[in-house]
Structures are given as structure tokens and as C-alpha cells.
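Written below as C-alpha cells is the structure these notes are about.
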Amino acid sequence: MARYNAKTVEKKWQKIWAERKVFEANMGDKKPKYYILEMFPYPSGRIHMGHVRNYTLGDVIARYKRAKGFNVLHPMGWDGFGLPAENAAFQKKIHPAKWTHENIAAMRDQLKKIGLALDWSREFATCDPEYYGQQQALFLDFYENGLAYRKEAWVNWDPEENTVLANEQVINGRGWRSGVPVERRKLAQWFLKITDYSEELLDTLAKMDRWPDKVRLMQENWIGRSKGARVNFQIDGRDQPLEVFTTRPDTLFGASFCALSADHPLTEELAKDNSELRAFQEKCRKLGTSAEAIETAEKLGFDTGIKVRLPVGDGRELPLYVANFVLMEYGAGAIFGCPSADQRDLDFARKYKLSTPAVVLPEGEDEAVFEIGTEAYTGPGTMINSEFLNGLSTDEALKRIIEHLESAGTGKSEVVYRLRDWGVSRQRYWGCPIPFIHCETCGHVPVPKSDLPVKLPEDVAFDKPGNPLDHHPTWKHVKCPGCGEDAVRETDTLDTFVDSAWYFARFTAPNAKDPIEKSAANYWLPIDQYIGGIEHAILHLLYARFFTRVLKKLGQLDVDEPFTGLFTQGMVNHMTYQDSEGVWVLPDNVKTKKDGTFVRIDTGLSVTEGRYEKMSKSKNNVVDPDDIIEQFGADTARWFMISDSPPGRDLLWTDAGIEGAWRFVQKVWRLANDSLPALVSAPTTRPDRFSKEEIKLLTLTHKTIAGVSKDIEAFHYNKAVARLYEFVNGLSGIDEKSRKSWAFRQALLTLIRLLGPMMPHLAEEIWQKLGHKTLLADAPWPEVEKEFLSDETITIALQVMGKLRDTLEIPPNTDKSGLEKKALASEKVQRAIGDKEIKKVIVVPGKIVNIVIG
RNA sequence: GCCCCCGUGGCGGAAUUGGUAGACGCGCCAGACUCAAAAUCUGGUGGCCUUUGGGCCGUGUCUGUUCGAGUCAGACCGGGGGCACCA
């Protein structure tokens, strides 16, 4: 028998699926819809193993749901904009568009070789003008509804490159590419008003039960709701009070100072004629650029000399500082400091020799001797030194003080969120142009929708630093749509997270004249299952949720949440190797010697093993999917991706593992081929009676159907794989004669159908060899027959004092007293009991009998 | 610092609501086939002891709850992740 030739067989079926448009999705089908989506790839140049895993995981679901009778939408596209294209332009002198489109073409070919059940007719890239033009229209809708606005904001400015850097592009306070110290600059930036939805985005998380708890928790922390109070402090010599936000108004009597952010309006006002304060502001702003600096930063303050009044009690006088640890973006941009109940405030108070009155007495402490040392007490307790709050618990005090402040008109309860508005301006070429025009008389004016898309100019130069759009000779010079005078285009482009915040909705009608075609979006959305990496747990998923809510508000669709089900898959890891000179060595270049040590094949240097780490170019521990598919075929690669490791955990790539998968593919092929002659003479109609052997085989078959279905639905693919191994082992053990039965034929056909989602090419090939004229891809999932789900006998564990002494084979319906009798009849059980007295017998039907002796 | 998750053979991992720990695969060992090898097939494979009947120990560590704990509770140790002056 010929070995299975994956290469020709896989090509054959990929061609047939494509020609017959098997996976193209259409609305209007009577079947229930199912929208499955994996996060679309960034066209970096080549597919990596992480992609293969991601798309295989989704493809199993797509094919399974199809077989289960769903109208499945499973599209693919490209996250086309982004910085790497500009880096390539800068380094290799290739235009970003050319680079991106070449990468897309290469990666599309690679993806097609995996045999994914994708609807390629809906493919688009976010860098297509047809897509980003629609995005510009959406942006204008956001603007008209007050959800997009411009404001001055601090940014990381690289003075060498004349551009803004993202936080992750700033390393130790320096530009990642230029290496020069980054400056903080205030620039006019576009923002999307995600904070309008803080509460909704947070509250809905609780209902999203098909999302991993971990992701929901991360989003919850990111949105960061805090309940507290806004409190007004009178400022000596001024009418306007100072507003501060606090979560601990109960500790108000313990205040010893107030502090402003360096960017607070009052600070700015005071700094106008105070050069020392201006210098201090500068110092604070420099700190903001380096995460490392923040960590080790000392609490620094600048005494303004101004006094404020405690709004409770005798209106005690407190000094007003400007402090480096107070953020303008959070709460009121100003705080009151209670050193005894907050560690930062305590550090600050110690440094500036301020008082630290204790107001919360921990349980078990004596008020007479209790003192605050180097650690603040932030826990609950009993109020002291707090006048009308004295003796109350912190919880009671919290309520009482808010009542007091509200009735006195000096404060009110307030909820604040950590979530900030989403800054979307990027000083980049390869992104979606923001459709605005700046006019001296009219301000910023939206580009009329009829003029969209605002296309990127193609003739750009990357030879000088900064944004090519900004120094393009003609592109930005236009007439103002308002007054007709000379004006300039906005040269910033949108953050690429905007592109991916709504692509899933565009897939439902990729050629629509408007951003969204409501009927299509309402038919397909929400996405029933979304699959991607945990690295997008916060930003991408939160932005997509935000966009969906806005799209609903704009009347473009009727769903609240885009993703009903979310699954985050693990990474693909590989052993790392380093040679004796410390150079990372590619796995392909490592040979194991007889004594178990390793050497580099090319240089002969000895090599040591490191840890398993995510496949990455920097660690040089990558395995190229193309090589694997060339050598073993896509089915083998797919099978390995889903066997062994649970999809949610990291997968360890090993040569032995991929070879094991390959052997299994061959084994299935052999089983089918070896069975063909017998199947020719097997009856095709179901007999009335089955032999004992046949019942056993049918029981295995139907248990496997039930188990595999359940495991696929629960993303326990590795368990489904284990069941299929057992099934194949069971079938392989059946002799030639017994294969000539209806039951065996059913079992083998079932096996092929169950394998369909996992190794579709091989399954399709065998399906055809077994005489089918229609495609397996169109065949329904096998039905479970309940009568074959229960075994004739089950095994009961017999324990004495909780220790296993014997097992019992009995019919499943044996009752308690029957079980007890049989258990006591066991010789091994009797030996374990010995001459001890039986105190109690615990019988759990179907599980165990446990005898307690004394 | 705060929050979260995870620790099971040589390895990846199974184990309904507490009920036979180690399914399945990899690796390893032995055997069959072969001149030989590869491929394939069969059997074995947690540790220790053993009179070969079996016995004892064993899910990071310790304590507890229970007839019974990988599973529940508490403390600790180790690994991973998220957030980070958020008032």
C-alpha cells in the first residue's frame, strides 16, 4: 500500500473547496448563523506557528459548526497599517504599500496551504482605501456625536526623529531608535471619548460568561472604578475652593497637607510669576517618561506658601504643595494628604516634616499609645481624633462624613474611573488619515463625506525624520471646505487599534457603500466565538467593545457586545539553544550527539539547552510552518497543534511531537486502506440484531461521538484527540473478518467524520475512497444513539478505610444493598477488615463502596 | 507594592458536583518481523519493598475538614501573568 501523499492530496482538496465555493457564507439561509473569527494577522511577511495554532483552533470550530447544521461565517483579512511598514521603507527603501501588499500575497498563499475553511470572498486589508475611507466616515460620525474631540495632551517626543513615540517605544527615557532622551511635549491630539462608556463597559463584563475570567478581571482593573468623594477646601485669599478627590473621606480629620498636580490649572497660574515653580514643573514632567524612574522616584513637593482650610472641624490651616506623585488625569488633579492612612502621603509627610495624626485605630491597639511609624495603616478600624466620627467603624464613618459634607455643601460622593480617553493621533504616514482640515478662520473643519476617502499620497519620501505627510510638498495644502481660503490637512493618522476596532463588523458586508450594512451586521453579529492571543486582553477588546456601543448609538447596528464567546490561546514555545559563544542557534542547526550533548551543525561549536520560550526571531528558536507543511503536510501540522497541549496553555513544539502526529495521520490512512476490501462486502443496511462484539464496537463509536463533540465545544481539543486515538486503536484491533460488518462500516465512517474538522484533507480523501460522491465538508456531524452510550457492566471501587482493596464488575443498575453484599463478599476486602468491627458502610451507587472499621 | 492564575511520572497532559490518581500521546525498555536497518506490530513502563499473594508511599510543603482530598479551607514555598505614584 502506498504511503499517504499529503502534498498532492491536500492541494487537490484545497482546489475543490475553492472551486465549489464551499465556505462562502450567505445570509438568508434557514439554518442558524454562527460567526467564528480569529484575530486577523498583521502582514509582517510570513506566517508563524502562532498563526497556525490560532487559525487551526478556529477552523476546527468552523468545520464542526458547519457539520452541526449552522450557517457559518469564517472570514479573513489583514491588519494592514502599522509602523513596521514604515521601518521597512526607511531601511530597505521599499514603499510601505508595496511591502504590505507583497507580504499579504505571501501570507495568503501560506494560509491557503493550511486548508482553512475560510470565506476568502470577504477578504480585505485595513490599508485598502475602500476600508479606511469608511473608517474616516465613521470618525466624522463620532465627531458629530461629540465622541471625537481635540485637546492638548502630553506626549513622548523624540527630538531627533521629530515624532511622537508610544510608551513602549521609550526605553530608559530614550527613543528606541534614535537613542536620544525623550521630551515631554504638549500637542493638540485627537481623542475618542471612551470614558463616556466606562460604566457600561465595566458593568456588562459581569454578564459576559463566555469570556475568560482572567480577561474580564484585567478589563475590570483597567477601567478601575473607585467610589469616593469630591471635597472642597477653601483657599486663603481666594473665592474658588480647591477640589480634591478621595476614596477615604473618613480620614479627613487626619489631613496634614494638600497637593496639586504639576499640570493643575492652579499650578500653571502660580507658575506664571514663579520661576522656581516652573523649574519644579519641568522636573516632574521629565519623570513621566521613564517607568523605571517612577518606580524609584522620591516623593517630591514644592510648597506654594498658600494655605487651605480643612472643611471639617475648626477649619484647620493646611499647607498647599505641588507634588510629583499627583496626576492631573485622575480624579480632581489634587489631593489631600492623610499620612497616617496612606503610604505615599506618609513618605511625603516625613520628608517635609509634616504632622501625622492617627485617625483610624486598628483592632486590638490602645489609643493612648498608638502611633504611626514608617508604615501607614490603611485597613479598617475605629475612628479616633475625628470629632463627630470618633468611635465609629471606618465603614460607618465613610457614610457619616459624606452625609455631613453634602449637607454642608463642601463635598459630594463621586465615582471615578482610571480609564482615560483614547488618544488616537499618530504622527505617521502608514495609517488612516484623519479627515479634517485646519483653517485659520474656521478652526478644524471636517472633510465633507462626499470627498472621502482622504487617500494617502503615494509619492512620499522616508529619507528625513518626521511624518512624511507633514513634509509632502502638495498633499496637505487644500482649500477650507467652510470658507474656501487656503488651509491645511490634518497630517496625523489614526492609531491602528482603530482599524481593528470594527473590522469584524465590516466582514459582514465587506463591499457595502456605508461602513456597516445594518441588515448584514444584525444577521451575523455578535461574533459567537472570537479567538486570539491574551496580549489583546485589554486594549483591542476594549476598543472593539467601545466601537460596537457607539455603532449602536449611531444606529448602524443593534448589538451591544461584539464578542459573545472569547477564547485566548496559548503561545507556541520551543526549546532555546545557545552555542559556546552565547549566540542563539536555530533548532534546525542543532544536532544531538550520541552522548546526549548538542553541537551546531554549521560551525561544530557545542550548544547548550535553555528554557522553552515563545518562538521568536530574537531567540532564534523558530520553526517555519512552510517547512513543516512541506515535509509532513497541513493535516499533520494541524493535528499536532491540537493534540497534547490544551488550547489555552502554551504549546511546546518538539520534533518528536510533530513526528508522532505524522505517524497518526499515516495510521488512519492505513486503517482505512486496509479496511477497504472488507468494506466492499459489508452490508449497507442496518441489521436488526447485533453480536456482542458489534455492540461493544457501536458503544465505543457512540461514546466517541458524544465525547468528541463535548470536548470540541469546550475547547478541550487535546481530550478529543485522546478519544480519537482510543477509537483508532479500537478499530485497528478488529480482525479482517469482523470488518465485514455494518457496525464496522459505521464505526469507520464515524471516525472519518469526527476527524473532518481536524485533518480535513485526509478525511475528505478517505471519504471519497469509501464511495461518497458528495463532500465530507458538506456532510452532517454523526448523531449519538443513546442506547449505545451505556456499558453492560461498570467497575466499582471497593475501599476499606478509604484505601482501595478490590474492584467489582457489576451491572450499572445494581442497588445499594446489592453493592454492599458484593463488597463484603470480596476476599480482599475481608482480608483488609481482618477481625476489626465494621462501623459503617458508605455506598455510592455507580462509584464506590467504602467500609469503615474500628 | 497591589491583583490574578498555575504547581500531578522522564516529558506534554487526563481525572463530572470530593469517590479506583496518572486516560491519551511522547520518550524509554523488552519482544516479533528483517541478513540488517527503517517502518510496522505486541507487551511493559510513578517510586520503594516483596516470600510474586501482595504491601507501603505518592498530585510543591505543612496543617485542617471528611468515611474518603489532586479536587474544599488556612498558612507557607516555587513559577507565570496583569497593573503600577490611580489619592
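Per chain, numbering begins at 1; letters A, B, ... match sequence-line order.
Residue A/Leu652 is classed as a sugar-phosphate contact, given heavy-atom separations below 4.0 Å to backbone atoms only. Within 4.0 Å of A/Val721, counting heavy atoms only, lies no atom of the nucleic acid at all. When heavy atoms are screened at a 4.0 angstrom cut-off, A/Ser643 is found touching no nucleic acid atom at all. Residue A/Lys839 is out of contact with every strand shown, counting any heavy-atom pair closer than 4.0 Å. Backbone-only engagement by A/Tyr725 is indicated by non-hydrogen atom pairs under 4.0 Å involving sugar-phosphate atoms exclusively. Residue contacts for A/Ile842: at a heavy-atom cut-off of 4.0 Å it reaches a base atom on one of the strands shown. Within 4.0 Å of A/Ser226, counting heavy atoms only, lie sugar-phosphate atoms of the nucleic acid but no base atom. Within 4.0 Å of A/Asn729, counting heavy atoms only, lie sugar-phosphate atoms of the nucleic acid but no base atom. Base engagement by A/Gln799 is indicated by at least one non-hydrogen atom pair under 4.0 Å involving a base atom. At a threshold of 4.0 angstrom between heavy atoms, the contacts of A/Asn718 are confined to the sugar-phosphate backbone, with no base atom among them.
The CG atom of A/Asn729 sits 10.0 Å away from the CG atom of A/Leu671 when rounded to the nearest 0.5 Å. Taking CZ from A/Phe336 and CG from A/Leu242, the interatomic distance works out to 12.0 Å, rounded to the nearest 0.5 Å.
Using a 4.0 Å cut-off, no side-chain N or O of A/Thr654 falls inside it from OP1 or OP2 of B/G12. Within the 4.0 Å cut-off from OP1 or OP2 of B/G55, not a single side-chain nitrogen or oxygen of A/Arg831 is found. Taking side-chain N and O atoms only, A/Asn324 has no distance below 4.0 Å to OP1 or OP2 of B/C85. Distances shown here put a side-chain N or O of A/Arg418 below 4.0 Å from the OP1 or OP2 atom of B/A84. OP1 or OP2 of B/A87 sits under 4.0 Å from a side-chain N or O of A/Tyr330. When the side-chain nitrogen and oxygen atoms of A/Lys719 are compared with OP1 and OP2 of B/U16, none of them lie within a distance under 4.0 Å. In terms of phosphate contacts, A/Arg805 brings no side-chain nitrogen or oxygen within less than 4.0 Å of OP1 or OP2 of B/U20.
Across all strands shown, B/C86 forms no Watson-Crick or G-U wobble pair with both distances under 3.5 Å. When Watson-Crick and G-U wobble pairs are counted only if both distances are under 3.5 Å, B/G53 pairs with no nucleotide at all. B/A23 makes up no base pair with any nucleotide shown, lacking Watson-Crick or G-U wobble contacts both under 3.5 Å. Figure legend. B/A36 is base-paired to no nucleotide; pairs are counted as Watson-Crick or G-U wobble with both atom distances under 3.5 Å. If you check B/G7 for Watson-Crick or wobble pairing at under 3.5 angstrom, you find it paired to B/C77. In a base pair of the Watson-Crick type (N1 to N3 plus N6-O4 or O6-N4) or a G-U wobble (N1-O2 and O6-N3), with each distance short of 3.5 Å, B/U42 is matched with B/A30.
Residues A/Leu419 and A/Ser198 approach most closely at CD2-OG, 3.7 Å, considering heavy atoms. Residues A/Thr704 and A/Arg723 come closest through the heavy atom pair CG2-O, 4.2 Å.
Note: CG (A/Asp213) to P (B/G82) measures 18 Å, nearest angstrom. Atom CE in A/Met801 sits about 13 Å away from atom P in B/C56, given to the nearest Å. Rounded to an integer number of Å, the gap from A/Arg649 CZ to B/G12 P is 10 Å. For the pair A/Glu535 CD and B/G82 C1', the interatomic distance rounds to 13 Å; values are reported in whole Å. A/Ile223 places its CD1 atom 16 Å from the C1' atom of B/C3, with the value rounded to the nearest Å. Following rounding to the nearest Å, A/Arg420 (CZ) and B/A84 (C1') show an atom-to-atom distance of 12 Å. Rounded to an integer number of Å, the gap from A/Arg663 CZ to B/U40 P is 6 Å. The distance between atom CD1 of A/Ile848 and atom P of B/U17, rounded to the nearest whole Å, is 17 Å.
Look at the P atom in both B/U42 and B/C24: the space between them is 13 Å, to the nearest Å. The separation of B/A84 from B/G1, taken at their C1' atoms, amounts to 8 Å, rounded to a whole angstrom. B/G22 and B/U63 are spaced 26 Å apart, taking the C1' atom of each and rounding to whole Å. Distance noted for atom C1' between B/C57 and B/C4: 35 Å (whole Å). As rounded to the nearest Å, B/G64 and B/G47 have P atoms that lie 30 Å from one another. Look at the P atom in both B/G18 and B/C72: the space between them is 8 Å, to the nearest Å. Going from the P atom of B/U45 to that of B/G53 covers 16 Å, rounded to whole Å.
Proximity of the aromatic rings of A/Trp653 and A/Phe640 is defined here by a centroid distance below 6.0 angstrom, and this criterion is met. Side-chain rings of A/Phe325 and A/Phe348 approach one another, their centers coming within less than 6.0 Å.
Side-chain contact, A/Thr795 with A/Glu809: a donor N or O sits under 3.5 Å from an acceptor N or O. Side-chain contact of A/Thr195 with A/Asp421: a donor-acceptor pair under 3.5 Å is present, judged by distance alone.
With RNA chain B read from its 5' end, the first of the two nearest nucleotides for A/Val852 and A/Phe245 is the one closest to A/Val852. Two residues, A/Ile796 and A/Tyr612, neighbour RNA chain B, and the one matched to the more 5' nucleotide by heavy-atom proximity is A/Tyr612.
With hydrogens and angles left out, the side chain of A/Lys847 and the base of B/U17 share a donor-acceptor pair within 3.5 Å. Interface remark: the A/Arg670 side chain does not form any donor-acceptor pair with the B/C41 base, using a distance-only criterion of under 3.5 Å.
By the rule that a glycosidic angle within 90° of 0 means syn, B/G31 does not qualify and counts as anti. For B/G22, the O4'-C1' to base torsion is more than 90° from 0; the nucleotide is therefore anti.
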**OP:** Evaluate side-chain contact (heavy atoms from CB on, under 4.5 Å) for A/Gln219 paired with A/Arg545, printing each intermediate quantity in order.
**Re:** CA-CA 11 Å; A/Gln219 292 212 351; A/Arg545 295 181 60 213; 2.8 Å; yes
